[in-house]
Each structure stands twice: as structure tokens, then as C-alpha cells.
Amino acid sequence: MSENLIQNTPQESIPDQDIICDIQNVCTEFGDNIVHHNLNLKVRRGDITALVGRSGCGKTTLLRHIIGLTKPQSGNVLLFGENLHAMERVAQRRLMDRFGVLFQQGALFSALSVFDNIAFPLRELKQFDESVIYQLVMHKLALVELDPRDADLLPAEISGGMVKRVGLARALALEPELLVLDEPTAGLDPDRSHNFIDLVKQLKKSLGLTVLFVTHDMDTLASLAERVAVLEDKHIIADCPLRELAKIDHPFIINFFQSIRSRLEKL
């Protein structure tokens with residue numbers, strides 16, 4: 001099956017203003033290892049999009065390109081209509097303030113309290129005095145359903161589920177339009193995973209967020225995603241609403257999504 005036949009299934013015309021992230025013909029190489037080849041993906045405003053694929057296929061590498069940590073060998077990464085990797089550093093920093101990132105393990109600063117972790121991006125802006133920062137941090141704690149008393153704790157003193165919530169609060173500190181999540185439920189037990197998924201969906205609705213997340217967990221995918229982009233053979237082989245996956249006749253997709261296929265068919 002050709003790449004053009006199955007990408008963006010079904011084929012749709014998307015107004016430019018509805019595209020928050022536009023990845024165009026991205027190629028990534030590490031020595032002789034070609035990770036991405038002419039990869040294209042559009043993330044639509046207001047969607048919750050999952051990026052999935054087999055282990056080692058380049059999902060996290062693509063995520064790193066999108067958030068500006070690395071640059072592909074060729075191709076463009078457009079965020080909010082602007083080329084992230086072709087900008088001066090100051091302009092790039094302003095653009096990056098429009099998205100928030102939750103890394104897989106939370107990536108909290110171990111020597112800083114919960115409060116100071118969430119306050120960190122606010123202090124980096126140098127636009128708020130401490131009284132305003134205090135109010136903003138308390139608001140973010142409430143958004144992720146944490147108690148004000150948790151603000152004084154260190155990362156080593158809180159559970160894995162709380163680490164995720166603190167990381168999420170920090171990702172939301174600058175009121176982003178795009179929320180990027182790397183394996184958001186990794187390391188959580190089923191109850192905490194379910195609660196975290198519900199929290200993300202609630203925040204997406206109340207804050208008007210666009211969400212892009214990477215996951216290998218099929219339950220997380222089925223419970224959270226509205227659209228799915230499938231990375232295989234160095235490019236996106238399908239980009240479609242979750243319910244459309246069950247209709248795609250591609251060997252990798254049939255095999256990869258077998259465990260949730262019956263759920264997809266009921267959507």
C-alpha cells in the first residue's frame with residue numbers, strides 16, 4: 001500500500017489556522033541509521049492526537065524536534081505557522097512559551113520543592129513578582145487536583161502519580177495552547193492511570209488545549225486519543241480519527257492495534 005494512499009486517512013483539506021503543528025518532509029539520520037524519511041504530520045487545533053509506533057521507531061525523536069530540543073537534517077517543523085528551527089533564539093523562545101511539555105518521568109528538579117518546580121518557568125520570564133507567582137502556582141496546583149500543602153514537598157517525598165501532576169502543572173504554568181505529553185501514564189498503576197487520563201481530558205476541555213502525546217499503552221490510547229498518527233517505516237503511514245483505525249487494511253496497523261480492535265470497531 002503506497003504512502004500517499006494511507007496518509008491522512010481519510011483525505012481532508014485543513015484550513016491553515018486550524019493547524020497548530022505542521023511537520024513537513026522531515027528527515028532524521030544518526031550516522032547510517034535513517035530514523036525519519038520525508039515524514040509529514042499535521043496536528044489540528046483542539047484535537048487530542050496520539051503518536052504511536054513500535055519501540056525504537058523514532059516517536060520520541062520526533063517529539064524532540066517538535067519541542068525544539070533537536071533539529072532534523074532536513075524538512076520543516078512549523079508551530080503556530082512559524083518555522084521553529086529557522087528562527088532567532090529570542091523569537092524561538094517566545095514561540096516555545098506557547099506550548100507546555102510533560103516528560104515521561106516528570107523531569108522535576110530534585111532539589112526544588114513542588115512549588116518552586118511549578119514556579120520555575122514563571123520566574124524565568126522575569127515578568128511577575130513573587131506575590132503573583134504564588135497565586136499562579138496555587139491555581140495550577142488546584143487545576144491538577146493537588147492540595148496546597150503539597151507545595152512544600154520535594155519530588156522524593158511524593159508518589160509517582162503526584163510527580164506526573166506536578167509536571168503537568170509546570171507544563172501549564174505559562175497558559176500554553178499546545179500540551180505535549182511523553183508517555184503520560186508510564187509507571188502508573190491502572191487506577192492512577194485512569195485518573196490522570198480523566199484529568200487531561202478535563203483540562204483539554206476547560207482550557208481549550210490541543211494535546212499531542214506519545215504512548216505505547218493501548219488502554220491510554222483508546223481512552224484518551226481522538227486522532228492517531230502511526231509512525232512506521234520512517235514516516236507516518238496513517239493519520240486519522242481513532243475510530244477509523246479499524247478500517248485501515250495495513251499489516252502493521254492490524255497487528256499493532258489487535259488488542260483494542262474490538263473497542264475501535266464500537267466507536
Side-chain angles (χ1 to χ4, degrees), residues 1 3 6-10 21 23 35-36 39 41-44 46-64 66-67 101-107 159-161 163-165 167-168 171 178-205 209-267:
M1 188 176 294
E3 175 182 343
I6 59 180
Q7 277 202 352
N8 295 314
T9 308
C21 177
I23 301 168
V35 179
H36 307 131
L39 187 151
L41 174 65
K42 298 180 189 296
V43 178
R44 303 136 190 272
D47 280 348
I48 302 178
T49 299
L51 176 62
V52 300
R54 71 176 81 237
S55 179
C57 71
K59 301 184 299 296
T60 297
T61 298
L62 183 59
L63 215 61
R64 289 171 64 86
I66 292 171
I67 64 178
V101 183
L102 172 61
F103 295 97
Q104 183 173 342
Q105 304 300 330
S159 68
V163 166
K164 295 278 190 182
R165 288 173 184 260
L168 182 57
L178 171 65
L179 180 63
V180 179
L181 312 173
D182 186 11
E183 298 286 0
T185 58
L188 300 182
D189 63 41
D191 282 344
R192 287 193 173 94
S193 177
H194 177 76
N195 291 339
F196 193 82
I197 289 169
D198 283 347
L199 175 61
V200 172
K201 291 164 74 172
Q202 173 188 323
L203 290 170
K204 181 259 184 182
K205 183 176 180 180
L209 294 168
T210 300
V211 180
L212 173 64
F213 72 100
V214 165
T215 188
H216 71 279
D217 183 80
M218 291 296 101
D219 285 335
T220 299
L221 174 75
S223 300
L224 183 57
E226 296 169 350
R227 292 188 68 90
V228 181
V230 183
L231 177 53
E232 169 65 6
D233 194 25
K234 306 176 181 60
H235 60 265
I236 301 297
I237 64 169
D239 171 17
C240 61
L242 180 63
R243 63 183 178 274
E244 297 292 332
L245 276 178
K247 303 175 184 177
I248 298 177
D249 183 19
H250 184 282
F252 175 77
I253 292 175
I254 292 171
N255 181 62
F256 192 79
F257 296 98
Q258 186 173 12
S259 64
I260 61 167
R261 199 164 187 84
S262 61
R263 293 169 68 176
L264 295 176
E265 290 170 349
K266 293 176 182 177
L267 290 175

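- L231 approaches G58 most closely through the heavy-atom pair CD2-C, 3.6 Å.
- Taking CD1 of I248 as the start and CD1 of I254 as the end, the distance is 9.5 Å to the nearest 0.5 Å.
- Checked for salt-bridge contact, E226 and R243 miss the test: no charged N lies under 4.0 Å from a carboxylate O.
- When the options V230, I23, L39 are evaluated for a side-chain contact (heavy atoms from CB on, under 4.5 Å) with I236, the one that passes is L39.
- Contact check for F213 versus L179: no side-chain heavy atoms found under the 4.5 Å cut-off.
- Aromatic ring orientation, F252 versus F256: parallel (interplanar angle below 30°, classes split at 30° and 60°).
- Nearest heavy-atom pair, C240 versus L245, reported as atom, atom and distance to 0.1 Å: SG-CD2, 4.0 Å.
- Note that the CG atom of N255 and the NE2 atom of H250 stand 11.5 Å from one another [nearest 0.5 Å].
- Side-chain contact between I48 and R227: absent, with no pair of heavy atoms (C-beta onward) separated by less than 4.5 Å.
- Interatomic distance, NZ of K164 versus CZ of R192, reported as 12.5 Å (0.5 Å rounding).
- Remark: side-chain polar atoms of S223 are paired, donor with acceptor, to backbone N or O of D219 under 3.5 angstrom.
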Intermediate values then yes/no, side chain to side chain contact (heavy atoms under 4.5 Å, CB included), V101 and D182: CA-CA 8 Å; V101 183; D182 186 11; over 6 Å; no
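- Contact annotation: the side chain of T220 never approaches that of F196 to less than 4.5 Å [non-hydrogen atoms, C-beta and beyond].
- Listed for the Q104 side chain is no donor-acceptor partner under 3.5 Å among the backbone atoms of P184.
- Formation of a donor-acceptor pair under 3.5 Å by the K204 side chain with backbone atoms of G46 is found in this model.
- Listed here is the closest heavy atom pair of L168 and L181: CD1-CD2, 4.4 Å.
- Under the 4.0 Å criterion applied to side-chain N and carboxylate O atoms, K42 and D239 are not assigned as salt-bridge partners.
- Remark: L41 CG to T49 OG1 distance equals 7.5 Å, nearest 0.5 Å.
- Checked by atom type and distance alone, the side chain of K59 pairs as donor or acceptor with a backbone atom of G53 at under 3.5 Å.
- In this structure, C57 SG and D233 CG are separated by 10.5 Å, a value rounded to the nearest 0.5 Å.
- Under the 4.5 Å side-chain criterion, counting only non-hydrogen atoms from C-beta, T210 is not in contact with R44.
- In this structure, the separation between OG1 on T60 and CD1 on I66 is 10.5 Å, given to the nearest 0.5 Å.
- Scanning all heavy atoms of the two residues, the minimum distance from I67 to F103 falls at CD1-CE2, 4.0 Å.
- Minimum heavy-atom separation, I253 to A238: CD1-CB, 3.7 Å.
- The minimum heavy-atom distance between T215 and V52, with the atom names listed, is O-CG1, 3.7 Å.
- With contacts defined as side-chain heavy-atom distances shorter than 4.5 Å, the pair K234/V35 does not qualify.
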